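See below for the structure under consideration.
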2 protein chains.
Amino acid sequence: MSERDWRPRYVQLAEELREKIQRGELPAGEPLPSEPELAEQTGISRTSVRNAIRQLREWGLVRAEQGRGTFVRRPKVRVKRSNVERYQWEKDRVHEPEEVRRQTGGTEHDTGLSVHDLKFHAKYQEMDAPSDLAHIFGVRSGTKLLQRTYWTSAKTEDAPLSMSRSYLVHEVVAKNPDLLSDRNEPWPGGTHHQLSTVGIEIDHITDHVVARPPSPDEADILRTESGDWVLVLRKISTSTEGKVVEVADAVYPADRTELVYNIGLKRWNQA
Amino acid sequence: MSERDWRPRYVQLAEELREKIQRGELPAGEPLPSEPELAEQTGISRTSVRNAIRQLREWGLVRAEQGRGTFVRRPKVRVKRSNVERYQWEKDRVHEPEEVRRQTGGTEHDTGLSVHDLKFHAKYQEMDAPSDLAHIFGVRSGTKLLQRTYWTSAKTEDAPLSMSRSYLVHEVVAKNPDLLSDRNEPWPGGTHHQLSTVGIEIDHITDHVVARPPSPDEADILRTESGDWVLVLRKISTSTEGKVVEVADAVYPADRTELVYNIGLKRWNQA
DNA sequence: GAGTGGTCTAGACCACTGT
DNA sequence: CAGTGGTCTAGACCACTCC
């Protein structure tokens, strides 16, 4: 006598399919049986079958494609971002000769893809500081900011995408008019070099990491599935004079991203 | 003549309710109209109303409670974890006198809650190293590990919860038998002090941050909503001798957590 | 017991994909 | 064109909460 299974039928079906997928019985890329087929096989209604499939989608195991079928997703390879090393690398790059700086940008360094795999987009806009940014910069709400939006689109499928917004105090960077136009992007040497042209050196950077559901435009650019989340990294850069000079928000698809931070500790015997 | 709205009706309803919530017309804590009520008001079926509400749940805006109603969630306050400072603090604490070490543990430091608000749980188990952990520790698969599971449950509502698993190589810590039993938890001075009793000093720590849907037991302990994700932090500690001595996985509710990393950069003029 | 959300059915039409 | 997933209806019964 086996015990009665009190779980809802759609949960039971979802679990069955999950096990089949994880045992490799339904390999990645393969379609599930169609919804009417599953309904007939299991003797439950199509609505409940759809409920089970919705569960599998929330678990990130399958992806439904309109008119084609529902397919087992291949496990996402997470792209590692080591920001401690990356930020130092970006800073060091400023004193390289221009032809070296031209060869790789931050994005290529992030993704490991070459310039040829990526399309780079940049857009500059002026805006009034909302209260949270004003507070971080230590300026009054409504102070003019330069907002720079960057996104990359990959030519190859399954490549990691990203989207970021950077904020600078307009008055600070306006000393060099070249910094105000997106026609100068991609700037060889990146933000560190841009800021160095107005006499700013960055002393330290603080990363703030949160995860949340994507906004509609983020979902669009990153091509996330329904139920996916994004990792949001707010990078706050402080100059050697102790002023916050840049705030940058980067948005990554959470299931394809791993952030790595290396932290050295003081030795006891050197205290 | 207004244009026809081609979006599905449940999406339209979801958007309408989202706007009402964000305009404050439906304040946090208030119930939505019941499902039959919404169905009647809008003239669509209850199934479609439920679809709209599912959308709002995925957006994290509402929470459904069986038998009571569907309520507007109050925006979650994120608990900040500054691991750079925290890890150094934990290391420094080892050389404090025992009565000081006894007063606060890592958990209290994390959450800002006092000992009285939290129930602390610890469980030790032996296990054979799975291949990923074996690879990190640099030992053979199947090597005996000590697995330590910690979780806190809060007495007050809405308090941040957490759950973590720590792994040590059994042979390494067995030199001090006190380290093998969970009856000695909470250990004054934490892992740094525990390891110091077998002659180990930690030199640096690497944090690996990913986000994913919770496993069923994680969802249970953290009381996450369906559709919520968790932040998983894998902390890898390396000794002054260059060996990985501890791997610890901490799981946090993603919508209540913010991780902060402070990164100092080398000065140009000191190069 | 009345009202809530959770599960479930047996249909229907639609938009999209492939051949 | 047939077959897929997406939307939608009009019912039904259940488990749970609160009075």
Side-chain angles (χ1 to χ4, degrees), chain A residues 4-17 21 26 29-73 157 216 219 223-228, chain B residues 4-17 21 26 29-73 157 216 219 223-228:
Chain A
R4 186 151 161 12
D5 194 341
W6 288 102
R7 294 171 306 169
R9 303 192 121 141
Y10 79 92
V11 174
Q12 295 176 38
L13 174 56
E15 295 274 342
E16 274 172 39
L17 290 170
I21 290 169
L26 286 166
E30 286 299 299
L32 261 50
S34 76
E35 293 175 0
E37 226 169 311
L38 281 170
E40 221 220 333
Q41 282 173 23
T42 57
I44 65 185
S45 74
R46 195 184 147 212
T47 309
S48 292
V49 168
R50 279 184 66 73
N51 253 328
I53 290 178
R54 184 163 45 71
Q55 183 73 263
L56 293 172
R57 292 221 261 170
E58 273 183 16
W59 290 339
L61 292 173
V62 303
R63 143 185 230 108
E65 288 177 43
Q66 168 79 264
R68 304 217 313 125
T70 302
F71 301 87
V72 179
R73 288 173 75 171
E157 198 54 56
R223 289 182 214 156
T224 53
E225 286 279 292
S226 137
D228 283 356
Chain B
R4 187 154 161 12
D5 194 342
W6 289 103
R7 293 172 307 168
R9 303 196 117 127
Y10 78 91
V11 174
Q12 295 177 37
L13 174 56
E15 295 274 344
E16 274 172 39
L17 291 171
I21 290 169
L26 286 166
E30 285 300 298
L32 261 51
S34 75
E35 293 175 0
E37 227 169 310
L38 282 170
E40 222 221 334
Q41 281 174 24
T42 59
I44 65 184
S45 73
R46 195 183 148 212
T47 310
S48 292
V49 169
R50 279 184 65 74
N51 253 330
I53 290 178
R54 182 163 46 70
Q55 183 73 262
L56 293 172
R57 290 220 262 170
E58 275 183 16
W59 290 338
L61 293 173
V62 302
R63 145 187 227 106
E65 288 177 43
Q66 168 80 264
R68 304 216 314 124
T70 303
F71 301 85
V72 179
R73 287 172 76 170
E157 199 52 59
R223 293 183 212 158
T224 53
E225 285 281 291
S226 136
D228 283 356

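Keep in mind that this is a model prediction, so the values were computed, not measured. So that the names make sense, note that chain A is the first sequence line, chain B the second, and so on, each numbered from 1.
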Exercise. Answer yes or no: does atom CZ of B:R9 have more than 12 heavy-atom neighbours from other residues, nucleotides or ligands under 6.0 Å?
Key: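 No - once you tally the heavy atoms of other residues, nucleotides and ligands closer than 6.0 Å, there are 12 at most.
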
Is there a side-chain contact between [X] and the phosphate of [N], meaning an N or O under 4.0 Å from OP1 or OP2?
| X | N | answer |
| --- | --- | --- |
| A:S48 | C:dT9 | yes |
| A:Y10 | C:dC8 | no |
| B:T70 | C:dG5 | yes |
| A:R50 | D:dG5 | no |
| B:R54 | D:dT7 | no |

Quiz item: Which nucleotide, D:dG6, D:dC8, C:dG5, lies nearest any side-chain atom of B:A64?
Solution: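 Side chain of B:A64 sits closest to C:dG5.
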
Quiz item: Considering only C:dG5, D:dC8, C:dG6, which nucleotide approaches the side chain of B:R9 most closely?
Solution: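 The closest nucleotide is D:dC8.
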
Quiz item: Under 4.0 angstrom, heavy atoms only, what part of the nucleic acid is B:R63 near: base, sugar-phosphate, or nothing?
Solution: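 B:R63: no heavy atom of the nucleic acid under 4.0 Å.
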
Exercise. Pick base, sugar-phosphate or nothing for B:S34, based on heavy-atom distances below 4.0 Å to the nucleic acid.
Key: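 Contact class for B:S34: sugar-phosphate only.
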
Whole-Å gap separating [atom2] ([N]) and [atom1] ([X]):
| X | N | atom1 | atom2 | answer |
| --- | --- | --- | --- | --- |
| A:E37 | D:dT4 | CD | P | 6 Å |
| A:L38 | C:dA10 | CG | P | 16 Å |
| A:L32 | D:dG3 | CG | C1' | 16 Å |
| B:L56 | C:dG5 | CG | C1' | 15 Å |
| A:I53 | D:dG5 | CD1 | C1' | 9 Å |
| A:E35 | C:dG11 | CD | P | 17 Å |
| B:N51 | D:dG5 | CG | P | 17 Å |
| B:E40 | C:dG3 | CD | C1' | 15 Å |

Quiz item: In Å and rounded to the nearest 0.5 Å, what is the CG to CD1 distance from B:L38 to B:I44?
Solution: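 Here the interatomic distance stands at 8.0 Å.
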
Exercise. Report the distance from atom CG of B:L61 to atom CG of B:L17, rounding to the nearest 0.5 Å.
Key: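 Between B:L61 CG and B:L17 CG, I get 10.0 Å after rounding to 0.5 Å.
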
Quiz item: More 5' along DNA chain D: B:R68 or A:Q66, using each one's nearest nucleotide?
Solution: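 Going by which nucleotide is closer to the 5' end, it is A:Q66.
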
Quiz item: Taking atom types as they are modelled, is there a donor-acceptor pair under 3.5 Å from the base of C:dG6 to the side chain of B:R46?
Solution: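 It does, because a donor-acceptor pair links the side chain of B:R46 to the base of C:dG6 below 3.5 Å.
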
Practice problem: Report the residue (B:P33 or B:T47) whose heavy-atom-nearest nucleotide on DNA chain C is the more 5′ of the two. | Solution: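 The residue mapped nearer the 5' terminus is B:P33.
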
